[in-house]
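Comments concern the structure below.
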Amino acid sequence: MRWSQTYIPTLRQQQSDAELISHQLLLRAGYIRKLGAGIYLYLPLMQRVIEKFSNIVREEMNRAGGLEITMSVLCPAELWQQSGRYDTIGKEQMRLKDRHQHDMVLCGTHEESVTYLVSGELKSYKQLPLNLYQIQVKFRDEIRPRFGLMRGREFIMKDAYTFDADETSFAKTYQGMVDAYFAIFRRAGIEVVKVESDTGAMGGKAAHEFMLLVDTNAGEEIIINCEKCKYAANVEKAEFTDPANLKIDNELKDMEKVDTPGAATIEEVTAFLKVDASRLVKTLMYMADGKPVAALIRGDRDLNEIKLKNAVKANELEMANPEQVQQYTGAPVGFAGPIGLKENVKILVDPLVAKLKNFIVGANENEKHILNVNLGRDFKAAHTVDLSLAREGDICPRCGGRLIKRDGIEVGNTFMLGTKYSETLGAKYLDAEGKEHPCIMGSYGIGITRTPQAVLEKYFDDKGIIWPKSIAPYLVELIPISMESPEQVETAEKIYNLLRDNNIEVLYDDRPERAGVKFNDADLVGLPIRITIGDKSLKQGKVELKARSEKDMELVAVEDIVRAVKKLAERLN
RNA sequence: CGGGGUGUGGCGCAGUCUGGCAGCGCACUUGCUUUGGGAGCAAGAUGUCGGAGGUUCAAAUCCUCUCACCCCGACCA
């Protein structure tokens with residue numbers, strides 16, 4: 001492609017509203033433009049990157065037995081009402097009415113559509129397993145779009161759905177997808193880690209996320225992983241063993257109410273009573289689908305809201321506001337405790353609290369706390385369930401190693417859906433005995449537009465992008481220093497044709513620009529290999545060959561250029 | 001939805017407090033000179049100052065309403 005014939009509007013100046021380096025680079029190098037909040041246009045270079053990555057995904061999905069289909073992004077609301085997600089997925093779903101005033105949704109994921117498809121056609125166990133996927137646009141009306149393609153409202157996703165007859169077969173299918181995912185991301189030039197994750201609105205039994213670990217500030221997720229074994233989980237999901245070595249009293253002491261003037265926070269109370277935070281138990285008031293819940297957490301730990309949300313099986317969970325706290329505890333925020341709450345407040349206790357004896361809680365009275373409180377004797381809990389947020393320094397639940405914290409960008413996910421959708425939407429088959437069963441389903445996503453941007457968080461320098469060759473829009477950038485030199489132009493044309501004849505993708509910067517402009521644009525755009533044609537080397541019948549990722553260049557005779565490019569490309573990431 | 005902020009030429013911004021010719025840099029057009037890392041000189045084109053209403057002799061500037069976008073939080077791939 002000739003630069004003069006394509007559309008690559010590079011920008012000299014930084015765009016102020018781009019936070020992430022990867023977002024900044026895509027804007028500056030002329031890959032994307034923004035149309036509105038979370039709405040992006042993909043320019044010719046980005047289109048090629050998307051195609052490159054899509055093809056990698058397609059190849060690996062096909063290799064793993066996937067069958068490509070396309071399902072409309074539009075879906076009648078009835079299907080979503082049937083699965084029950086019309087109500088649970090909430091405001092994130094784009095909804096609209098057609099001209100007949102029928103309720104429609106723009107799909108953010110396609111479990112309903114694909115299960116509908118299969119439920120009509122699938123009859124026998126002989127048709128299983130089945131693996132259907134598509135690469136297609138998704139809409140999610142994100143509450144706060146940001147980070148460019150990382151969290152847009154419209155994005156492209158590869159979503160696959162599998163149907164199996166039984167758990168043994170499903171386990172093989174799931175592992176097949178996991179293997180395919182590692183292969184895909186390796187080919188795209190990044191190493192990802194598979195972590196356990198919460199299933200969220202997707203529902204189902206278990207889920208994993210594929211994370212690119214980043215050192216930049218681009219992490220949108222926090223990963224907890226073990227230094228010793230392979231345990232890794234999204235912090236939302238992460239389990240841990242408490243490392244604190246606490247002295248637990250043998251005897252239960254009598255309760256004692258004390259004044260704690262001005263001490264509402266954990267810090268203030270520990271300072272006032274001169275005790276360690278681990279002797280305190282904080283009572284956090286939440287509203288779960290409108291019903292009050294009190295979560296009891298040891299004073300030195302933080303609550304994991306996802307764990308709480310799952311424990312109470314709520315669709316919506318939010319912290320109680322001060323009025324609600326007053327209503328249910330009878331005291332201002334800061335003095336809530338498990339004793340004397342209004343009767344309809346459900347009390348959940350973290351296991352770390354359950355182990356404590358003679359702990360300190362709020363008295364449900366302004367500026368008062370109660371000492372020597374004991375679970376069972378002084379109050380009762382609805383459940384004891386893990387509610388604490390894992391943190392660096394905790395102990396691995398699998399091997400006893402130390403847990404550390406990393407920032408990650410989610411580039412893919414896999415969900416074990418079980419029979420949630422096959423039951424509600426009727427994807428059932430007859431087994432060898434003629435008995436009917438719902439399919440065991442899985443669903444698997446890869447962000448097609450997000451992943452290339454995530455890749456950029458790893459591949460850049462102060463001059464611009466440095467693409468891995470597998471998803472670069474072109475392999476080679478060809479630059480004659482001066483378009484006014486007939487010799488240079490003649491050589492450039494010759495090389496341009498040579499490369500194209502050999503199926504090497506090349507971007508030929510044929511603009512009548514100064515060398516500096518071309519070099520800077522080339523570095524910004526980030527193609528893996530640059531060929532420079534200038535008078536100095538041309539006198540010896542040679543041109544310069546340089547990798548974007550390396551400092552040194554080599555001189556290559558024009559007739560050797562194809563071989564030299566191929567050899568260099570082989571060496572590059 | 002809550003808190004904070006910004007809307008001025010294609011892009012980046014100043015001007016707003018204290019009302020008085022709508023400016024700067026980059027990009028763009030033309031010419032000359034230059035030509036191995038974002039050239040120089042000269043001449044030019046480009047604006048409903050986000051929108052509506054109001055105050056005033058006079059509004060980018062003050063007032064009211066409104067829209068869009070950004071940042072922090074709740075949500076999430």
Side-chain angles (χ1 to χ4, degrees), chain A residues 9-20 23 27-28 30 33-39 88-93 108-109 138-159 195 197-202 207-212 219-221 234 236 286-287 305-306 309 315-319 321 408-415 443-451 453-454 462-464 479-485 488 509 511-524 530 532-539 543-544 546 553:
Chain A
T10 58
L11 299 168
R12 286 194 189 192
Q13 278 160 320
Q14 157 169 318
Q15 300 299 290
S16 59
D17 59 358
E19 292 276 294
L20 296 190
H23 182 197
L27 282 169
R28 277 229 298 145
R33 284 294 182 267
K34 189 178 74 167
L35 192 61
I39 309 171
T88 58
I89 224 161
K91 283 166 273 179
E92 193 179 303
Q93 187 170 50
T109 173
K138 300 274 177 282
F139 285 90
R140 289 186 194 172
D141 196 0
E142 285 294 338
I143 199 162
R144 182 143 94 91
R146 60 184 133 172
F147 302 152
L149 304 184
M150 220 73 106
R151 185 168 305 283
R153 290 197 287 179
E154 185 199 285
F155 55 98
I156 300 173
M157 186 161 112
K158 184 284 303 177
D159 45 325
V195 307
S197 67
D198 185 63
T199 54
M202 200 67 79
H208 293 94
E209 289 170 338
F210 291 74
M211 293 281 184
L212 175 68
E220 39 134 37
E221 304 274 358
N234 190 313
E236 292 178 348
Y286 276 82
M287 300 304 291
E305 290 195 5
I306 303 292
K309 188 172 172 178
N315 291 325
E316 302 256 336
L317 181 79
E318 56 181 0
M319 241 177 160
N321 61 38
I409 298 173
E410 182 180 353
V411 287
N413 55 33
T414 55
F415 290 90
S443 121
Y444 317 84
I446 289 182
I448 298 291
T449 38
R450 146 184 288 225
T451 303
Q453 186 181 329
D462 58 341
K463 303 291 271 181
I479 299 183
I481 292 286
S482 169
M483 292 305 285
E484 279 169 28
S485 153
Q488 287 184 28
D509 193 344
R511 294 174 300 171
E513 290 286 352
R514 300 166 62 85
V517 173
K518 292 190 182 186
F519 287 143
N520 278 304
D521 273 346
D523 288 344
L524 189 56
R530 188 178 87 194
T532 311
I533 303 165
D535 285 337
K536 286 184 219 158
S537 45
L538 205 52
K539 276 186 204 143
V543 296
E544 294 162 23
K546 181 184 170 299
M553 56 97 169

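All chains are named by letter (A, B, ...) in the order of the sequence lines, taking the proteins before the strands, and each is independently numbered beginning at 1.
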Problem set entry | Rounded interatomic separation in angstrom, taking NE2 from His23(A) and C1' from rC70(B) | 11 Å
Problem set entry | Min side-chain heavy-atom separation Asp141(A)-Lys91(A) under 4.5 Å | no
Exercise. Taking the same atom, C1', in rA22(B) and in rU48(B), what whole-Å distance lies between them?
Worked result: 14 Å
For this session: Hunt down the Watson-Crick or G-U wobble partner of rU6(B), both distances under 3.5 Å, from any strand shown, or write none.
Result: rA68(B)
Exercise. Looking for any heavy atom pair under 4.0 Å, which part of the strands does Met157(A) touch: base, sugar-phosphate only, or nothing?
Worked result: nothing
For this session: Whole angstrom is fine here: how far is it from CG in Asp141(A) over to P in rC1(B)?
Result: 12 Å
Problem set entry | Length of the line joining Arg144(A):CZ and rA74(B):P, which is rounded to integer Å | 9 Å
For this session: Describe the nucleic acid contact of Gly408(A) in one word from base, sugar-phosphate, nothing, applying a heavy-atom distance below 4.0 Å.
Result: nothing
Exercise. What is the per-nucleotide protein-contact pattern of nucleotides 27-40 of chain B, from the 5' end, where B denotes a base atom under 4.0 Å from a protein heavy atom, S denotes such proximity for sugar-phosphate atoms only, and - denotes neither?
Worked result: S------BBBBBB-
Seminar exercise, completed: Applying the 3.5 Å cut-off to both distances, the Watson-Crick or G-U partner of rG12(B) turns out to be rC24(B)
Problem set entry | Atom-to-atom span, CD of Glu142(A) to P of rC70(B) - whole angstrom | 13 Å
Problem set entry | Pairing partner (Watson-Crick or G-U wobble, both distances under 3.5 angstrom) of rG19(B) | none
For this session: Find the partner of rC62(B): check Watson-Crick (N1-N3 plus N6-O4 or O6-N4) and G-U wobble (N1-O2, O6-N3) distances, both under 3.5 Å, and reply none if neither fits.
Result: rG54(B)
Exercise. Base, sugar-phosphate, or nothing: which does Glu318(A) touch, judged by heavy atoms less than 4.0 Å apart?
Worked result: nothing
Problem set entry | Ion pair check, Glu220(A) and Arg151(A), cut-off under 4.0 Å | yes
For this session: Please state the P separation for the pair rU16(B) and rC21(B) - nearest whole angstrom.
Result: 13 Å
Problem set entry | Exam field: side chain Arg33(A) to backbone Leu27(A), donor-acceptor pair closer than 3.5 Å | yes
Exercise. Using purine N1 to pyrimidine N3 plus N6-O4 or O6-N4 for Watson-Crick, or N1-O2 and O6-N3 for G-U wobble, both under 3.5 Å, which nucleotide pairs with rG31(B)?
Worked result: rC41(B)
Problem set entry | Pair Lys309(A) + Asp198(A): basic N to acidic O under 4.0 Å | no
Problem set entry | Counter-base of rG36(B), judged by Watson-Crick or G-U geometry with both distances under 3.5 Å | none
Exercise. How far does the P atom of rG51(B) sit from the matching atom of rC32(B), given to the nearest Å?
Worked result: 41 Å
Problem set entry | Ser197(A) backbone acceptor or donor facing Glu209(A) side chain under 3.5 Å | no
For this session: Could you check how far CD1 of Ile143(A) sits from P of rG73(B), rounded to whole Å?
Result: 12 Å
Exercise. When you check the phosphate oxygens OP1 and OP2 of rC11(B), does a side-chain N or O of Arg33(A) lie under 4.0 Å from one of them?
Worked result: no
Exercise. Taking atom P in both rA27(B) and rA39(B), what distance in whole Å separates the two?
Worked result: 8 Å
For this session: Could you check Ala37(A) against Glu305(A) and say which one's nearest nucleotide on RNA chain B is further toward the 5' end?
Result: Ala37(A)
Exercise. If we take the P atom in both rG44(B) and rC62(B), what is their distance in whole Å?
Worked result: 34 Å
For this session: Would you check if the side chain of Asn413(A) reaches a backbone N or O of Gly445(A) as a donor-acceptor pair within less than 3.5 Å?
Result: yes
Exercise. Should we count CD of Glu318(A) as having more than 12 external heavy atoms under 6.0 Å?
Worked result: no
Exercise. Distance-only, no hydrogens or angles: does the Arg140(A) side chain make a donor-acceptor pair with backbone N or O of Glu154(A) under 3.5 Å?
Worked result: no
For this session: Round to a whole Å and report the spacing from CE of Met319(A) to C1' of rC75(B).
Result: 16 Å
Problem set entry | N/O donor-acceptor pair under 3.5 Å between Lys518(A) side chain and Arg511(A) backbone | yes
Problem set entry | Between P of rC26(B) and CD of Gln14(A), the distance in whole Å | 19 Å
Exercise. Taking the P atom of each, how far is rG23(B) from rC69(B), in whole Å?
Worked result: 31 Å
For this session: Measure from CZ on Phe139(A) to P on rC76(B) and round the result to the nearest Å.
Result: 21 Å
Seminar exercise, completed: Checking N1-N3 plus N6-O4 or O6-N4 for Watson-Crick, or N1-O2 and O6-N3 for wobble, each under 3.5 Å, the partner of rC1(B) is rG73(B)
Problem set entry | rG4(B) versus rG10(B) - spacing of their C1' atoms, nearest Å | 30 Å
Exercise. Distance between the P atoms of rG53(B) and rU61(B), in whole angstroms?
Worked result: 14 Å
Exercise. Quick one: which of rC71(B), rC70(B), rC76(B) gets closest to the side chain of Lys34(A)?
Worked result: rC70(B)
